[in-house]
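Below is one structure, written out as structure tokens, with a few remarks after it.
Computed from a prediction, not measured in an experiment: that's the story for all the values here. First listed ligand is number 1; within each ligand, the first listed atom is number 1.
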Amino acid sequence: MLSKEQIKEYQTILSAKTPQEVISWAIDLLGVENVALASSLGAEDQVLTDMIMKITPDMNIFTLDTGRLPQETYDLIEKNSRHYSRRLEILFPERRDVENMINKYGVNLFYESVENRMLCCRVRKVEPLQRKLSSLQGWFCGLRREQAATRNRLEKIEWDNKFNLVKVNPLAEWGEKDVWDYIRENNLPYNSLHDKGYPSIGCACCTRGVSPGDDIRSGRWWWESSEHKECGLHIDKQETSSK
Ligand code: SF4
């Protein structure tokens with residue numbers, strides 16, 4: 001475990017570095033076998049996948065299949081396989097946990113209450129991620145500060161108190177234009193839902209398109225108020241507010 005002082009020092013070192021430099025630096029620090037990219041298959045993670053594949057194609061890149069993803073996301077998984085000539089690792093929730101949850105609360109439990117929605121996110125996303133991260137020393141995420149009020153204090157490197165490892169956010173200070181410029185300049189595959197008004201994409205049942213100018217995460221769990229709009233993957237348990 002890194003001390004608070006070490007993390008502070010690393011944050012200073014990384015503050016002026018480009019995303020590619022942050023990735024290379026973190027790999028040197030932790031070792032390629034001890035880190036992985038958790039790809040949500042969103043635009044930011046397509047950028048990180050490409051940067052990582054160009055720096056070190058040996059790094060593990062994985063995604064979570066909740067069982068409720070849009071078809072367009074599955075199509076992107078296949079496009080990625082062809083583009084990079086390799087498959088992402090795909091993690092699934094525990095079958096028994098899903099069965100117990102659905103049989104107790106129903107297939108659309110997430111619309112009933114914030115508690116039910118958080119339970120579903122925990123079973124389908126957080127627990128599979130936790131299992132994976134327990135074998136790693138660091139993980140890369142495509143989070144950006146401007147994505148949400150809950151992320152405006154994001155640093156390029158942090159200690160992840162929830163999962164007990166280093167969390168690296170190479171795109172922390174990028175804007176949306178930077179992301180899409182990179183995708184277009186490098187001709188990367190991306191989720192076709194982005195062209196239909198979906199700036200942020202999660203499970204099909206919990207994501208809808210937004211109007212131009214709307215908050216980019218307003219289509220996620222749109223029936224909830226904004227302070228709840230995290231799925232539990234990026235909430236620091238030692239903080240009172242989510243990151
Ligand atoms: S986004 Fe919706 S369907 Fe997906 S895990 Fe969370 S609550 Fe369940």
Side-chain angles (χ1 to χ4, degrees), residues 36-46 61-78 80 88-134 139 141-144 147-151 154 160 162-163 167 190-194 196-210 214-237 239 241-243:
L37 168 64
S39 172
S40 68
L41 299 159
E44 289 80 4
D45 289 320
Q46 290 300 108
I61 301 174
F62 68 88
T63 194
L64 306 172
D65 184 349
T66 62
R68 301 292 299 245
L69 299 179
Q71 181 58 40
E72 291 84 349
T73 301
Y74 293 110
D75 294 342
L76 178 58
I77 291 173
E78 285 305 299
N80 276 339
L88 298 186
E89 182 184 6
I90 301 182
L91 308 182
F92 292 92
E94 286 291 339
R95 175 180 63 83
R96 277 184 202 288
D97 292 344
V98 176
E99 284 179 359
N100 288 341
M101 175 178 72
I102 295 304
N103 286 316
K104 187 167 181 187
Y105 297 107
V107 290
N108 284 338
L109 73 162
F110 28 79
Y111 297 133
E112 303 295 327
S113 66
V114 172
E115 291 72 27
N116 280 6
R117 201 273 291 167
M118 295 296 279
L119 171 66
C120 186
C121 282
R122 189 167 75 241
V123 167
R124 293 182 188 272
K125 295 181 177 180
V126 177
E127 290 177 0
L129 179 68
Q130 198 152 28
R131 284 196 294 277
K132 177 70 182 179
L133 295 185
S134 67
W139 63 311
C141 303
L143 302 183
R144 295 187 294 108
Q147 282 171 325
T150 52
R151 297 179 181 175
L154 192 74
D160 186 332
K162 183 179 180 78
F163 297 114
K167 184 173 180 178
Y190 62 89
N191 196 318
S192 60
L193 284 174
H194 288 308
K196 298 175 184 164
Y198 289 71
S200 175
I201 303 166
C203 293
C205 44
C206 297
T207 308
R208 68 180 183 182
V210 303
D214 284 354
D215 184 301
I216 59 175
R217 283 176 66 80
S218 60
R220 304 287 298 276
W221 309 295
W222 65 90
W223 64 94
E224 293 182 0
S225 57
S226 58
E227 72 264 26
H228 299 301
K229 290 193 178 203
E230 291 285 358
C231 56
L233 303 188
H234 303 294
I235 296 172
D236 186 330
K237 69 186 178 187
E239 299 278 348
S241 61
S242 54
K243 284 186 176 174

(message) What's the separation between atom CD1 in I90 and atom CZ in F62, rounded to the nearest 0.5 Å?
(response) 12.0 Å
(request) Quick one: pull up CZ in F92 and CZ in R124 and give me the separation to the nearest 0.5 Å. (result) 12.0 Å
(request) Using the six-membered ring wherever Trp is involved, compare the ring planes of W222 and Y111 and label them parallel, tilted or perpendicular (cut-offs 30° and 60°). (result) tilted
(request) Give the ring-plane orientation class for W139 versus F163, where under 30° counts as parallel, over 60° as perpendicular and anything between as tilted. (result) perpendicular
(message) Judged on heavy-atom distance to atom 4 (Fe) of ligand 1, which of C203, A204, C206 sits nearest?
(response) C203
(request) Name the option, out of R117, K125, R122, that contains the heavy atom nearest to atom 7 (S) of ligand 1. (result) R117
(message) Using heavy atoms and a 4.0 Å limit, tell me yes or no: is G202 in contact with ligand 1?
(response) no
(request) Using atom types as modelled and distance alone, determine if a side-chain donor or acceptor of D97 lies under 3.5 Å from a backbone N or O of V123. (result) no
(request) Check whether any N, O or S atom of C120 sits under 2.8 Å from atom 8 (Fe) of ligand 1. (result) yes
(request) Answer with side chain, backbone, both or neither: which part of R124 has a heavy atom less than 4.0 angstrom from an atom of ligand 1? (result) side chain
(request) Output the list of atoms in ligand 1 that are nearer than 4.0 Å to some heavy atom of C205, sorted by atom number. (result) 3 (S)
